[in-house]
Amino acid sequence: MNLNRALGLMLIVSGVFFGLAKNLGGETPRGDWTIHRSDEPGKVEFSLMNSRAGRHFHYSSDWPASEFAGLDLSKTGRQEVHFTISRDAGKFECEGFLQDGEGAGLFHFLADPKYLQEMSSVGFGNIDSDKQLAMAIHDVSLKFAREMTSENLRGLDTDKLIAFRIHGVTREFIEALRAAGLNESESDKLIAFRIHGVSPAFVADIRSAGLNITDSDKLIAFRIHGVTPEMIRSLRQAGYTPDADKLIAMRIHGATPEWLEQLKKEGYEHVDLDKLIAFRIHGVSPDFIGEIQKLGYKHPEPDELVAMRIHGVTAEFISGLQARGMKNLTIDQLVSLRIHGID
C-alpha cells in the first residue's frame, strides 16, 4: 500500500490528480471505486479512479471499514450497495455491487462549501475544487488543520497537509519527537522523517547509544544509509567515538562492525576511522592483507596497505617479482616499481 500512497502523492504534485474536476467541465467530480480485502484487521483496500476526458488518476489505500456508512462487508453473496463516505471537505456517494465483501461501482463527490470558509479561517485559503477533492480523499479535516497550525510549523500549506496525511505526520508524532529532544518545525523535514523512518524511538535509541544528534539532515542520512544504535554501541565498545559524519561515511563505504571484526583477526585492531574508510574506498580487505602477509610482509602499516592498493601492488605482482629473484623488497620499493611502470 505504501507504493499506492506514494503514487497518489505524485499525482497530486504533478497536477494530474487536481485536473479531474476541470476535465469534467465543471460537473460533479465522479469516477469508479473498488473494494478489496485488506491484510489489516478492521480495514479494507479502497480505491478511487477516473480515466475520463483523456486523463487518469488512481488512489488506493487501506481505510477503516467503519468509514463506509450503509455498507455491510460481512454479507456473503452478491448485493447491490449504496454507501456514503463523509469527510469535512465533502462526501462520496457510492453505488455498485459487492460479491462476498469485494466489489466495484461509481462514485460522485459532493463538496461541502462550508469547508472552504472554515479552512480559510484557520489560514488555508485558495482551495479550488480539485484540491478540495484531494483533501477529502486524504481526510484533511478541520481538526487536523487546526492541530497542525497550533504546532507553529514552517512551510505549512495545503499541499503539506495532504502529504502529512499520506505519510502519517500527526500531532502525536511531532510532540513525541520533541519529547525525545528533537524540536523540528520544518514541514518538509517532518515528511522526510516519516518517509525514511526517523521516529521518536529511533531518536531516543541513538541518544541512548551515546550520540546526541539534533541535526535533522544527519538523522535522515542515518536512516538512508543504515546507521543504527547497535552500530554506534559496537564501535564505542571497541574504543571509538565516531561523530555523525564518520558514521555515515562508514556505512556508505561498508566499514561495518562485522568487517572490523574480520580485520581484527588479521591483526588490525583499533585502526583510525579515517584509515578504515580509506581501506574500504581503495579495497584493502582482510583477504588482501592475508595474502600480503603470507608473502612475508608482516603487519604493514595502514598507510602502506592503502598505497599498495592505489598503485596496484597485488599479491600476484609481488609473487612475480619474487619468482624472478627480487626478494626482500620493502613496501616502498614495491610501490615505487609500480609507479615507474615496472611489472
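- With a 4.5 Å cut-off on side-chain heavy atoms, Tyr297 and Ile289 do not count as touching.
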Please report the C-alpha distance between Thr158 and Ile127 in whole Å, then the side-chain angles of each, then the deciding distance to 0.1 Å, and finally whether the side chain to side chain contact (heavy atoms under 4.5 Å, CB included) criterion is met. CA-CA 8 Å; Thr158 52; Ile127 300 173; 4.0 Å; yes
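- In this structure the side chain of Met250 reaches within 4.5 angstrom of the side chain of Leu235, judged on heavy atoms.
- Put simply, Val169 and Val122 are part of the same group of oily side chains (I, L, V, M, F, W, Y) that touch within less than 4.5 Å, one to the next.
- Cluster membership check: Phe288 shares its hydrophobic cluster with Leu295, using side-chain heavy-atom separations under 4.5 Å among Ile, Leu, Val, Met, Phe, Trp and Tyr.
- Side-chain atoms of Ser74 and Asp72 form a donor-acceptor pair, as typed in the model, at a separation below 3.5 Å.
- Side-chain contact between Glu102 and Arg37 is present, with at least one heavy-atom pair separated by less than 4.5 Å.
- Using a distance-only test at 3.5 Å, with no hydrogens or angles considered, no donor-acceptor pair links the side chain of Thr76 to the main chain of Asp100.
- Remark: the Ser141 side chain and the Arg146 side chain contain no N/O donor-acceptor pair separated by less than 3.5 Å.
- Under the 4.5 Å side-chain criterion, counting only non-hydrogen atoms from C-beta, Leu153 is not in contact with Glu186.
- Separation of atoms CD (Glu151) and CD (Glu184) is listed at 12.5 Å; rounding is to 0.5 Å.
- Screening Ile339, Ile292, Leu321, Ile342 against Leu334 for a side-chain contact (heavy atoms from CB on, under 4.5 Å) leaves a single residue, Leu321.
- Glu93 and Thr84 form a side-chain donor-acceptor contact under 3.5 Å, judged by distance and modelled atom types alone.
- Separating the CE atom in Met148 from the CZ atom in Phe124 is a distance of 9.5 Å, to the nearest 0.5 Å.
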Derivation and outcome, side chain to side chain contact (heavy atoms under 4.5 Å, CB included), residues Arg78 and Leu98: CA-CA 6 Å; Arg78 182 184 174 89; Leu98 289 182; over 6 Å; no
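- Between the side chain of Ser319 and the backbone N or O of Ala315 there is at least one donor-acceptor pair closer than 3.5 Å.
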How far apart are the C-alpha atoms of Ser38 and Asp62, what are their side-chain angles, what is the distance that settles it, and do they pass the side chain to side chain donor-acceptor pair (under 3.5 Å) test? CA-CA 7 Å; Ser38 170; Asp62 288 334; 3.3 Å; yes
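- Closest of all the heavy-atom pairs between Ala209 and Pro229 is CB-O, 3.7 Å.
- The aromatic rings of Phe92 and Phe109 are tilted relative to each other, their planes meeting at an angle between 30° and 60°.
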Does the pair Lys189 and Ser216 meet the rule for a side chain to side chain donor-acceptor pair (under 3.5 Å), with working shown? CA-CA 7 Å; Lys189 291 288 174 59; Ser216 297; 5.3 Å; no
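- Taking each heavy atom of Arg171 and Ser150 in turn, the nearest pair found is NH2-OG, 2.9 Å.
- Atom-to-atom distance recorded for Ile213:CD1 and Leu247:CG is 8.0 Å, nearest 0.5 angstrom.
- Open room surrounds CG on Asp39; 12 or fewer heavy atoms of other groups in view lie less than 6.0 Å from it.
- When all heavy atoms are compared, the tightest approach of Ile137 to Trp63 is O-CZ2, 3.5 Å.
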Steps toward ring-ring contact (aromatic ring centres under 6.0 Å, His included) verdict (Trp33, Phe68): CA-CA 12 Å; Trp33 61 265; Phe68 298 86; 8.3 Å; no
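- With ring centers used as reference points, His299 lies under 6.0 Å from Tyr268.
- Separating the CD atom in Gln293 from the NZ atom in Lys298 is a distance of 6.0 Å, to the nearest 0.5 Å.
- For Ala244 against Lys218, the heavy-atom pair with the smallest separation is CB-CD, 3.4 Å.
- Ion pairing between Lys246 and Asp274 holds under the 4.0 Å rule for side-chain N and carboxylate O.
- The minimum heavy-atom distance linking Leu182 with Thr214 is given by the pair CD1-O, 3.5 Å.
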Which is it for Tyr240 and His270 under the ring-ring contact (aromatic ring centres under 6.0 Å, His included) test, yes or no, and what are the steps along the way? CA-CA 8 Å; Tyr240 294 104; His270 204 71; 4.4 Å; yes
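- Annotation: the span from His138 atom NE2 to Leu161 atom CG amounts to 12.0 Å, rounded to 0.5 Å.
- Considering only heavy atoms from C-beta on, Val203 comes within 4.5 Å of Val198 through its side chain.
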Assess the residue pair Met135 and Met119 against the criterion (side chain to side chain contact (heavy atoms under 4.5 Å, CB included)); give the C-alpha distance rounded to whole Å, side-chain angles, the decisive distance to 0.1 Å, and a yes or no. CA-CA 11 Å; Met135 296 174 87; Met119 286 294 286; 3.6 Å; yes
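- Seen from the ring of Phe107, Arg30 does not count as a face-on cation partner, given the 6.0 Å and 45° thresholds.
- Between the side chains of Thr314 and Arg309, not a single donor N or O lies within less than 3.5 Å of an accepting N or O.
- Linking Ile, Leu, Val, Met, Phe, Trp and Tyr whenever their side-chain heavy atoms come within less than 4.5 Å leaves Leu133 and Leu110 in two separate clusters.
- Side-chain contact between Thr330 and Val335 is absent, with no heavy-atom pair separated by less than 4.5 Å.
- Side-chain contact check for Ile318 versus Met326: every heavy-atom pair is 4.5 Å or farther apart.
- A donor-acceptor contact shorter than 3.5 Å links the side chain of Glu304 to the backbone of Glu301.
- Judged purely by atom type and a 3.5 angstrom limit, Arg338 uses its side chain to pair as donor or acceptor with the backbone of Gly312.
- Under a 4.0 Å N-O distance rule, the pair Glu147/Lys143 qualifies as a salt bridge.
- Looking at heavy atoms from C-beta onward, His82 lies out of side-chain contact with Cys94 at the 4.5 angstrom threshold.
- Ser185 and Arg178 get closest at one heavy-atom pair: OG-NH2, 3.3 Å.
- Put simply, the residue from Asp88, Asp159, Asp139 that forms a salt bridge (Lys or Arg N to Asp or Glu O under 4.0 Å) with Arg165 is Asp139.
- In this structure, Lys91 places its NZ atom where only 12 or fewer heavy-atom neighbours from other residues, nucleotides or ligands lie under 6.0 Å away.
- Annotation: the span from Leu116 atom CG to Lys131 atom NZ amounts to 12.0 Å, rounded to 0.5 Å.
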Does Leu211 form a side chain to side chain contact (heavy atoms under 4.5 Å, CB included) with Phe222? I'd like the steps, not just the answer. CA-CA 12 Å; Leu211 201 61; Phe222 275 16; 3.9 Å; yes
